[in-house]
Amino acid sequence: MAFNSDEFRKVLGSFATGVTIVTTRDKKGIPHGLTANSFSSVSLNPPLVLFCIDKRSNCLPAFQESEGFAINVLTDVQKDISNRFAFSEERWDGVKTKTLVTGVPVLEDCLANLDCSMYAQHDAGDHIIVIGKVEDIQLKEEGDPLLYFRGMYRGVHIE
């Protein structure tokens with residue numbers, strides 16, 4: 001290759017993404033979650049979305065055994081919760097959740113929530129691509145998204 005992994009990461013960081021927290025429950029009912037910006041729509045019919053999870057993630061076994069997960073799209077005032085789910089072991093302290101169709105924890109006060117049943121998982125290099133069939137959705141009409149660009153949180157402020 002004509003580039004190294006640091007250069008590749010820097011180029012990928014030039015694409016602004018939204019920030020999500022992906023949540024699930026393991027077979028014992030324990031909630032798990034992680035911050036992810038590798039989220040995408042896949043299909044409208046059936047309604048499918050995907051996220052990618054690092055094979056080294058301590059949450060991976062929970063997602064691999066789960067029958068569902070939720071994508072929680074963060075607002076620009078939820079930077080702290082994004083950091084907590086990215087770096088802290090105390091992820092769930094004080095976090096308000098509810099459940100929808102699949103029974104996995106869905107975070108309150110997000111821009112949007114997608115409650116998904118597990119559809120497929122695919123090996124892809126150092127990640128697993130997890131595809132879910134959207135079973136229920138919620139949309140908050142007010143608020144701006146939390147964005148990530150070149151290693152930093154950003155917001156939307158176009159005049």
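Worth saying up front: this structure is predicted, and the values here are computed from it rather than measured.
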Practice prompt. For D26, enumerate each residue passing the side chain to side chain donor-acceptor pair (under 3.5 Å) test, keeping only those at least two apart in sequence or located in another chain.
Written response: H32
Fill in: Residues that D109 engages under side chain to side chain donor-acceptor pair (under 3.5 Å), provided they are two or more places apart
none
Worksheet item: More than 12 foreign heavy atoms under 6.0 Å from CD of E67: is that the case here?
Response: no
Discussion item. A side-chain contact here means heavy atoms from C-beta on lying under 4.5 Å apart; do I81 and L74 qualify?
Written reply: yes
Response to the item:
One should read off an interatomic distance between C59 SG and Q64 CD, to the nearest 0.5 angstrom, of 11.5 Å
Worksheet item: Side chains of S117 and E135: donor-acceptor distance under 3.5 Å anywhere?
Response: yes
Discussion item. To the closest 0.5 Å, what do you measure between CD1 (I129) and CG (L50)?
Written reply: 6.5 Å
Donor-acceptor list for residues 2-12 side chains, cut-off 3.5 Å, not counting sequence neighbours:
residue : atom : partner : partner atom : Å
N4      : OD1  : D6      : N            : 3.0
N4      : OD1  : E7      : N            : 2.8
E7      : OE1  : N4      : N            : 2.8

Discussion item. Whether D126 and R56 form a salt bridge (side-chain N of Lys/Arg under 4.0 Å from carboxylate O of Asp/Glu) is what I want to check.
Written reply: no
Worksheet item: Is the closest side-chain heavy-atom distance between T23 and W92 below 4.5 Å?
Response: yes
Discussion item. Is there a continuous path of hydrophobic side-chain contacts, each under 4.5 Å between heavy atoms, that joins V134 to L111?
Written reply: yes
Fill in: K96 side chain reached by L107 side chain, heavy atoms, under 4.5 Å
no
Discussion item. Quick one: does any side-chain atom of T99 pair with a main-chain N or O of V104 as donor and acceptor, under 3.5 Å?
Written reply: no
Discussion item. Are V95 and I21 connected into the same hydrophobic cluster when the rule is that any two of I, L, V, M, F, W, Y join if their side-chain heavy atoms are below 4.5 Å apart?
Written reply: yes
Worksheet item: How about L34 and S57: do any of their side-chain heavy atoms sit closer than 4.5 Å?
Response: yes
Worksheet item: Sequence neighbours excluded, which residues qualify as ring pair (Phe, Tyr, Trp, His ring centres under 6.0 Å) partners of F51?
Response: F63, F69
Discussion item. How long is the straight-line distance from CG of L147 back to CZ of R154, given to the nearest 0.5 Å?
Written reply: 9.5 Å
Worksheet item: What do you reckon, is NZ of K79 surrounded by more than 12 foreign heavy atoms closer than 6.0 Å?
Response: no
Worksheet item: Under 3.5 Å, is there a donor-acceptor pair linking the side chains of T20 and N72?
Response: no
Worksheet item: What heavy-atom pair brings E90 and S88 nearest, and what distance separates the two atoms?
Response: N-OG, 2.8 Å
Worksheet entry | Pairing residues for Y153 by the ring pair (Phe, Tyr, Trp, His ring centres under 6.0 Å) criterion, not counting sequence neighbours | Y148
Item to complete: Look at the side-chain heavy atoms of Ile, Leu, Val, Met, Phe, Trp and Tyr, link any pair under 4.5 Å apart, and say whether L100 and M118 land in one connected group.
Response: no
Discussion item. Taking the side chain as everything from C-beta on, heavy atoms only, tell me whether C110 gets closer than 4.5 Å to K140.
Written reply: no
Discussion item. Rounded at 0.5 Å granularity, tell me how far CG in L139 sits from CD1 in I137.
Written reply: 7.5 Å
Identify every side-chain donor-acceptor pair in residues 39-47 under 3.5 Å, counting partners at least two apart or on other chains, and give the distances.
residue : atom : partner : partner atom : Å
S43     : OG   : N45     : N            : 3.2
S43     : OG   : N45     : O            : 3.4
S43     : OG   : P46     : O            : 2.7

Item to complete: Could you state whether I53 and I71 fall into the same hydrophobic cluster, counting links through intermediate Ile, Leu, Val, Met, Phe, Trp or Tyr residues with side-chain heavy atoms under 4.5 angstrom apart?
Response: yes
Worksheet item: So which of D115, T24, D136 actually passes side chain to side chain donor-acceptor pair (under 3.5 Å) with T102?
Response: D115
Worksheet item: Are V106 and V19 linked, directly or through other ILVMFWY residues, by side chains that come within less than 4.5 angstrom of each other?
Response: no
Worksheet item: Is the shortest heavy-atom distance from the side chain of I128 to the side chain of D123 under 4.5 Å?
Response: yes
Worksheet item: Between the side chain of K133 and the main-chain N/O of V49, is any donor-acceptor distance below 3.5 Å?
Response: no
Worksheet entry | Check: S82 main-chain N/O paired with T35 side-chain donor or acceptor under 3.5 Å | yes
